[in-house]
Amino acid sequence: MKNIVEISSEPLPSLDEITSLVQDDRAGAITTFSGTTRNVFEDKTVVELEYEAYIPMAKKILMELIEEARNKWNLLHVAIYHRTGIVPVGKVSVVVATSSKHRADSMDSARYLIDELKDRCPIWKREVYEDGSVWKGACNKKH
C-alpha cells in the first residue's frame, strides 16, 4: 500500500500520472479530485490564487489524514499532491487520488481527504481579485 504526499511550487504532475501511481490490478475503483483555480468567487473576479505552506507540518498532517482514511475505509493506495506559490485561473492546485476494491471506499475517502486537508492542513491561500486580495487559512481544528 502506497501513501504518497507531495507539496511543491512546481506545477503538479498530470492527472494521468497521479492516477497511475494509485492504479492496482486489485482495485475496482480509482477516485480523483482536482482542485482548480476558478475565475469568480462570490461575484468577484479572481486573478490568481497563491498558496503558502509549512511543508514539514503539512506533510505530517497529510500522512495522518491518510492513516485516518485507511482506518475508515479499505484502501489500496493514496496520493495527495498540493501546489504552493501562484496558481493561475484554470490551473490545478491540489489532487487527491485513492484506489480501493470497491467504489464506495474510494469515493468516500477522497471526499474525506480533501475536506480534512482544507480544514486541518497548514496550507494558506491568498485569493487575488481585481479589487484586492484576502488570505484564508486552514488549521481550524486542534491537533
CA sep, side-chain torsions, deciding dist, call: Y81, L21, side-chain contact (heavy atoms from CB on, under 4.5 Å)
CA-CA 12 Å; Y81 282 73; L21 296 172; 3.2 Å; yes
side-chain contact (heavy atoms from CB on, under 4.5 Å) evaluation trace for K60 with M57:
CA-CA 5 Å; K60 179 179 182 275; M57 182 60 76; 4.2 Å; yes
Between E67 and N3, does the side-chain contact (heavy atoms from CB on, under 4.5 Å) criterion hold? Intermediate values first, please.
CA-CA 9 Å; E67 287 308 311; N3 296 336; 3.2 Å; yes
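Counted by atom type alone, T98 and S106 present one or more donor-acceptor pairs between their side chains at under 3.5 Å.
The heavy-atom pair separating S133 from V128 by the smallest distance is CB-CA, 3.9 Å. When every heavy atom of M1 is checked against every heavy atom of R70, the shortest pair comes out as SD-NH1, 3.3 Å.
No donor-acceptor distance shorter than 3.5 angstrom exists from the side chain of T84 to the backbone of A53, with no hydrogens or angles considered. When atom types are taken as modelled, the side chain of K59 and the backbone of V5 share no donor-acceptor pair closer than 3.5 angstrom. Judged by distance alone, the side chain of H77 and the main-chain N or O of K2 form a donor-acceptor pair under 3.5 Å.
By the salt bridge (Lys or Arg N to Asp or Glu O under 4.0 Å) test, R26 is found to be paired with D24, residues two or more places apart in sequence or in another chain being considered.
Here salt bridge (Lys or Arg N to Asp or Glu O under 4.0 Å) pairs that include residues 43-54, with residues two or more places apart or in two chains, are E50-R126.
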What pairs of donor and acceptor atoms, side-chain ones from residues 89-97 against any protein atom, are under 3.5 angstrom apart with sequence neighbours left out?
from: S93; atom 1: OG; to: G35; atom 2: O; distance (Å): 3.3
from: S93; atom 1: OG; to: Y51; atom 2: OH; distance (Å): 3.3

